[in-house]
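A short write-up of the structure that comes next.
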Amino acid sequence: MSEKPELSDFELDALRETANIGTGSASIALSALVGQKVTIDVPKTSVVPVRQVGDRISRADEPVIGIYSSLQKGMSGNILFVLPQTSAFALMGQLKNRDEGIAHLGKEEMELLKKLGSVVCSAYLAGLAKLFEQRIEFRTPNIVSTVGSSIVDFMLVQIADDEEVLLISVAFNTETPRIDGTFTLLFTLSTLAPLLEKLRRKMGMA
Amino acid sequence: MDYHQISGSDDAENVSGQRRASPSADEAIAMGVKVLIVDDSLFMRTMIKNVILSTDSQVVGEAGSGEEAIQLYGRLRPNLVFLDIIMPGIGGIETLKEIKAMNNAATVVMCTSLGQDRIIAEAVAAGASDFITKPFNKDEIISVVRKIGG
């Protein structure tokens, strides 16, 4: 379901395609890391108050692992890679060659997940950098283990609760083992304007 | 969706809205390659179109679905088709097969995303001439058009 206040269909189409390209790059990196084919869903866009972001990305009460970073140069916004905890266990089992998966994420596993998140976020942004033909830099990602509804409490501390943000999310999964997750780009409406300008320029409209 | 309107006659409407008579084969070469762009994303179609319009080639039509692409191909007989692989409804592979059934010599370049290797192999087996991977840059598109234009 897409909500689109103040964004034209054309802009939303461009934003979805941008997310498609980023997720395509990220899924290749993830596929190489886990040795499994990664299937990606169609991008979904929504504009919501920041307090509702967690509910849009996962179930409110679901334990999740979030790896997040803010974009620093070339683009403003945030990137978020979310795995339900069960998927994080399966992913870790795959990385550690344990068919039964693992049942606990210790310091070592969290560090490994953070590195994996950094690689896939980097691949995602490399896709965007190629699209926009410019360098994009991001902060070293952070990792958090929490429930879906509170993930934004960690990553968006500088944004007021009622401020609206644009989310562009793409779900992905692998079949064996079953790993589900989402890649999300998040922009406050004020940081969205430069991105829309880039897209318009890309299309020769600015 | 914002489609390029194509008349039902032998005349086609170019992207600037001016009408022209269908060119002869020699004229077509002199005027550059006639291109049909097929992608469900208007953003992608616009990006490709802008690059082609910066050359001496022309975009004779745009389609946002496989169904429209098949119809437009039959009507316009372009020299080159840029065809997105993943589209809702009739997908790129099926569209490619339909176009090849109409004209086995059709030149169709598939537009793919990273990670679609298996589908690319299927497209090549179905007669795709080439493929470009999104996000493509201007030079990649121009290179394909020049290859076709000789």
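Quick note on labels: first sequence line is chain A, next is B, and so on, each numbered from 1.
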Given heavy-atom pairs under 4.5 angstrom as the criterion, report whether the side chain, backbone, both or neither of A:S31 touches chain B.
neither

Heavy-atom contact with chain B under 4.5 Å, split by part of A:L131:
both

So with a 6.0 Å cut-off around NZ of A:K96, is the heavy-atom count from everything else above 12?
yes

Distance (rounded to the nearest 0.5 Å) between B:S41 OG and A:N20 CG:
8.5 Å

Taking the side chain as every heavy atom from C-beta outward, state whether A:D13 and B:R45 have any atom pair closer than 4.5 Å.
no

Looking at A:G127 and B:P135, what are the two nearest heavy atoms and their distance?
O-CG, 3.5 Å

A:E133 and B:K138: salt bridge (Lys or Arg N to Asp or Glu O under 4.0 Å), yes or no, with the steps?
CA-CA 10 Å; A:E133 297 171 86; B:K138 189 175 176 176; over 6 Å; no

Atom of A:F10, atom of B:F43 and distance for their closest heavy-atom approach
CE1-N, 4.4 Å

Can you tell me if A:F132 has over 12 outside heavy atoms packed within less than 6.0 Å of its CZ?
yes

Given side chain to side chain contact (heavy atoms under 4.5 Å, CB included), test B:K134 with A:E17 step by step and report yes or no.
CA-CA 10 Å; B:K134 297 176 187 177; A:E17 203 56 33; 3.3 Å; yes

A:R178 atom CZ, neighbour heavy-atom count above 12 within 6.0 Å:
yes

